[in-house]
Number of protein chains: 2
Amino acid sequence: MSRTAGRPRRGPRPGEDTRGRIVEAARQEFARAGYDAASLRGIARVAGVDPALVHHYFDGKGALFAEAVVALSLPYTPQQIVDRVVVGPREEVGRRVVGAFLGVWDAQGEAFAALVRSLASTEEVARGVQEFLAEEVFGRVARTLDPDAGAGELRLRVGLAAAQMMGLALARYVVRVPGVVDATPEQLVERVGPVLQGYVLPRG
Amino acid sequence: MSRTAGRPRRGPRPGEDTRGRIVEAARQEFARAGYDAASLRGIARVAGVDPALVHHYFDGKGALFAEAVVALSLPYTPQQIVDRVVVGPREEVGRRVVGAFLGVWDAQGEAFAALVRSLASTEEVARGVQEFLAEEVFGRVARTLDPDAGAGELRLRVGLAAAQMMGLALARYVVRVPGVVDATPEQLVERVGPVLQGYVLPRG
């Protein structure tokens, strides 16, 4: 699998173009000004849309930020991620997930670090991102590959998977832990991949 | 092993009492006012010492914060941690480490969450904490149990262990990921313990 492949675009949907322009403008503005200083009005200006449209599509700055983080930090749409990681050997799901995330994160550099910092500092961002990760990404993967697991068990699994990936992002881009910063993506896939596998599919 | 045992005090050393009072005052002030608003002068006042003494013992606010975080987040002094986790079955080192950390963290509540947030937002704090964790805690454990591992390999192992524990702290106390918040300490020891074991002693 190539980690450097471009991000496939979603197919067109009504309003998708305007909505996508707003998310992209938000990503730029949050990376430039930080969460607190960025405004919905400023984002609307960068996107070239009426501020009312921002409110039409997004339930506040936190929701918009969460989606901008997600747009910046995920290689594909959630469904595409699920489609890709569930294809191929089941025992290598963890490696495929770690490799896909690292490829995108490493390519973002400092802008991604700024977003991870906001995840820790801003409660509404944290809630948005974690719900998205738990429900749309790890939850879908776990449910698809292990449909018989109970709800509480699934919640624990996806929570631990999210915790591992948040820790990896914090260590590699924000706190800059030397052993994790120096490691190649391949080394991290080798060591963290089986861990993620064990969290998401403990018996698989 | 009891996770709720009180924190053993270090033996007396010259200046230890003054230094310890400053760290305790710093812990209170950082928890009350946050990192940015807390001042070395205010910390000196709470400790009842001359501000010059704070500068004598600590190389700036970041260094003092790192030590205050550490004092709050570790069950014992580094050497005591090493002494304890290396005793007992080698294959359960990871469980003992996770259990010891969780016991202390869970008891701290919101004050600990505030400190984890500062770890993500303040670079000098991040550097101080990660150097401490890597060198004094996981580095000592790894070197003690596997003295033949090379320096680069050890750095990667302790970095990944630190990343896992930072992710667990972020998920349980700051981002509040439901599956991780709901889990009992025993459940987390059961699932995260073997992961930490694999990071620190991959062949052990």
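These values consider heavy atoms only, across backbone and side chains, with no hydrogens, waters or symmetry-generated copies. The chains referred to below are lettered A, B, ... by the order of the sequence lines, with proteins before strands, and numbering in each begins at 1. Every value quoted in this text rests on a predicted model; they were computed, and no experiment measured them.
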(request) Output the option from A/V180, A/V175, A/D182 having the highest count of non-hydrogen pairs under 4.5 Å with chain B. (result) A/V175
(request) Specify which of B/A171, B/P178, B/P194, B/A183 makes the most heavy-atom pairs with chain A at under 4.5 Å. (result) B/P178
(request) Would you please name every residue forming a side chain to side chain donor-acceptor pair (under 3.5 Å) with B/R157, sequence neighbours left out? (result) B/D146, B/E153
(message) Looking at chain B, which one of A/A113, A/A163, A/G152 has the largest number of heavy-atom pairs inside 4.5 Å, strictly under?
(response) A/A163
(request) Run through A/R191, A/Q164, A/Q187 and flag the one making a side chain to side chain contact (heavy atoms under 4.5 Å, CB included) with B/L160. (result) A/R191
(request) Quick one: which of A/R172, A/R176, A/M166 has the most heavy-atom pairs under 4.5 Å with chain B, could you say? (result) A/M166
(request) Answer with side chain, backbone, both or neither: which region of A/V158 has an atom nearer than 4.5 Å to a non-hydrogen atom of chain B? (result) neither
(request) Select one option (side chain, backbone, both, neither) describing which atoms of A/L188 are under 4.5 Å from chain B's heavy atoms. (result) side chain
(request) Look at A/A169, A/G198, A/A162, A/G159 and state which one has the largest set of heavy-atom pairs under 4.5 Å with chain B. (result) A/G159
(request) With a 4.5 angstrom heavy-atom cut-off, could you sort out which part of B/V181 is near chain A: side chain, backbone, both or neither? (result) neither
(message) To check you understand the geometry: which heavy-atom pair defines the closest contact between A/L156 and B/G179, and what is its length?
(response) CD1-O, 3.5 Å
